[in-house]
Amino acid sequence: MSRTDTLLERIANRTAKVGVVGLGYVGLPLAVEFGQAGFSVTGIDLDARKVDQINRGESYIQDVPTAAVAALVNAGKLTATADPGAVRDFDTINICVPTPLRKTKDPDLSFVVSAVEAIAGHLHPGMLVVLESTTYPGTSEEVVQPILERRGLKAGVDFFLAFSPERVDPGNEQWTTKNVPKVVGGLTPNCARVAGALYRSSIDHVVEVSSPKVAEMVKLLENTFRAVNIGLVNELALMCDRLGISVWEVVDAAATKPFGFMPFYPGPGLGGHCIPIDPFYLSWKVKELGFEARFIELAGQVNGAMPHHVVDKITDALNAQCKAVNGAEILVMGVAYKRDIDDVRESPALDVIALLMKKGARVTYHDPFAPFIDGQHWPGAVDMSSVPLTPAAMTAADCVVVLTDHRQFDFKDVVKYARLVVDTRHAIKTDHPHVFKLGAPVPKQ
Ligand code: SAJ
């Protein structure tokens, strides 16, 4: 029986030993889906705390219920280890490790390379390796494949290689790992067959494309599309500011168009570990090929400048009340990179706070999702803790600044108790003389 048929049979009868490297917001949900499909799954993660929690039957990912992890662990269907050598027993491996940017905005593939090198040490004929980490087109064939072939095994002949982009939207209860269509690109038709079969065992809809490079590019289009459109609407906000009209009213009215339009909304900048980062994997790669990705670069400049525009808006608002930023008590509402989540990575709110502090403002913040900010992880470089959001605190502040519009915030209270508000998320839908808004005219005094 061919290697392809052997693996297809093991996938069909669920005897394939499935491995997932990287047990974060992508890897853990995927491991649970494979386990629930009937496979025995082993997760590998460098973080011993994650390994221990999983082996205790606990989840640390908001979208993965602890009950689901416990059921699989108790049934012997899911186990975790920090030992990369565990790959020796695997028939299939999905690599779900981070792909950040370096400070120089160059791709950092170090996590991918170390995971692949660990796999290469134990690669055996018939194994399927799938990379899921978001990366530039060409990574699977130019970086992953040569490492795996170091000991003489040939991709597409002795083992299988594919790329499948992760499409996890943390906190999204409607679209989950199981029901979001999964794009898969195999190095060869047989690679595509076995990778497609593995995903079809657990995921509702699999979309096969012709190569790993196409699959890598699909993901970058998806996220570059967002970054560029957010940049467009942020620039529109700056235009509306000067035109004396509300960008929010413009976007809402444009969104009534039932075809050919998709609303994006202005904000204090671009946060998260996907959208601000993924497009620069693409622009970096094509620069090597002598091409300048101008939309990506321009969107990066426009989105990157938004924290400065927010500080200008705060300066103008304080000025309207004959106050300076220097020495002002400013209370920030929301520091997470988007509403109703607890992630502050790349959050523009941190840039705004750092800029205000540089101008001499005394800044506090309230965010129920982010009780603490570690000074090592943001430009302000000081530890900060969330303060209680009380009427007294809002009244005492010279300015309350809405940077993240968590749904649980009561913005009617903000209007009632704050002496001055700058709203960067259109959280306050009504007009008030003391409420200044990003992308809208100065309120009538
Ligand atoms: N943002 C705006 N205006 C918008 C939309 C977003 O300023 O109209 C800002 C957000 O506040 C945030 C940043 O952009 O700071 C990114 O927001 P996002 O809505 O794109 O959320 P992410 O970063 O969680 O993106 C993820 C991505 N998922 C994956 O990469 C698998 C993205 O592809 C999803 O489309 C997105 O979630 C989503 O739709 O929620």
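Everything quoted here is computed from the prediction, not taken from an experiment. The first residue in the sequence is number 1, and the count goes up from there. Every number for a ligand or one of its atoms is a count from 1 in the order of the listing.
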Numbering as shown, the atoms of ligand 1 that approach [X] to under 4.0 Å (heavy-atom distance):
{"X": "Lys338", "result": "11 (O), 19 (O), 21 (O), 22 (P), 24 (O), 37 (O), 40 (O)"}
{"X": "Phe264", "result": "8 (O)"}
{"X": "Leu270", "result": "13 (C), 14 (O), 15 (O)"}
{"X": "Asn223", "result": "30 (O), 32 (C), 33 (O)"}
{"X": "Val168", "result": "28 (N), 29 (C), 31 (C)"}
{"X": "Cys274", "result": "30 (O)"}
{"X": "Ile275", "result": "16 (C), 20 (O), 23 (O), 25 (O), 32 (C)"}

query = Below 4.5 Å, heavy atoms only, C-beta onward: do Ser201 and Phe39 meet side chain to side chain?
reply = yes

key: Under-4.0 Å heavy-atom contact with ligand 1, by part of Thr134 that carries it   = neither

inquiry  = Tell me the contacting part of Arg339 for ligand 1: side chain, backbone, both, or neither, using a 4.0 Å heavy-atom threshold, strictly below.
reply    = neither

Where the closest heavy atom to [atom] is concerned, which of [options] has it?
{"atom": "atom 5 (C) of ligand 1", "options": "Thr224, Val26, Ile230, Asn234", "result": "Ile230"}
{"atom": "atom 4 (C) of ligand 1", "options": "Tyr265, Tyr25, Trp175, Tyr337", "result": "Tyr265"}
{"atom": "atom 29 (C) of ligand 1", "options": "Glu166, Glu222, Lys219, Arg167", "result": "Lys219"}

Would the distance check show the side chain of [X] and the main-chain N or O of [Y] forming a donor-acceptor pair, the cut-off being under 3.5 Å?
{"X": "Thr424", "Y": "Val402", "value": "yes"}
{"X": "Asp423", "Y": "Ile428", "value": "yes"}
{"X": "Asp398", "Y": "Glu329", "value": "yes"}
{"X": "Arg226", "Y": "Glu222", "value": "no"}
{"X": "Asn179", "Y": "Gln174", "value": "yes"}

Verify whether the ring centers belonging to [X] and [Y] lie closer than 6.0 Å.
{"X": "His273", "Y": "Tyr25", "result": "yes"}
{"X": "His406", "Y": "Phe369", "result": "yes"}
{"X": "Phe225", "Y": "Phe295", "result": "no"}

inquiry  = With a cutoff of 4.0 Å, is Arg345 in contact with ligand 1, counting heavy atoms of the residue only?
reply    = no

request  = State whether the shortest distance between N or O atoms of Asp278 and N or O atoms of ligand 1 falls below 3.5 angstrom.
outcome  = no

inquiry  = Gly271 versus ligand 1: do any nitrogen or oxygen atoms come within less than 3.5 Å of each other?
reply    = yes

key: Minimum-distance protein heavy atom relative to atom 11 (O) of ligand 1   = Arg425 NH1, 3.0 Å

request  = May I ask you to identify the nearest protein heavy atom to atom 37 (O) of ligand 1, giving residue, atom name and distance to one decimal place in Å?
outcome  = Asp169 OD1, 3.0 Å

query = Got a salt bridge between Lys219 and Glu132, using NZ or NE/NH1/NH2 to carboxylate O under 4.0 Å?
reply = no

inquiry  = I'd like to know if Lys313 and Asp241 make a salt bridge, using a cut-off of under 4.0 Å between side-chain N and carboxylate O.
reply    = yes

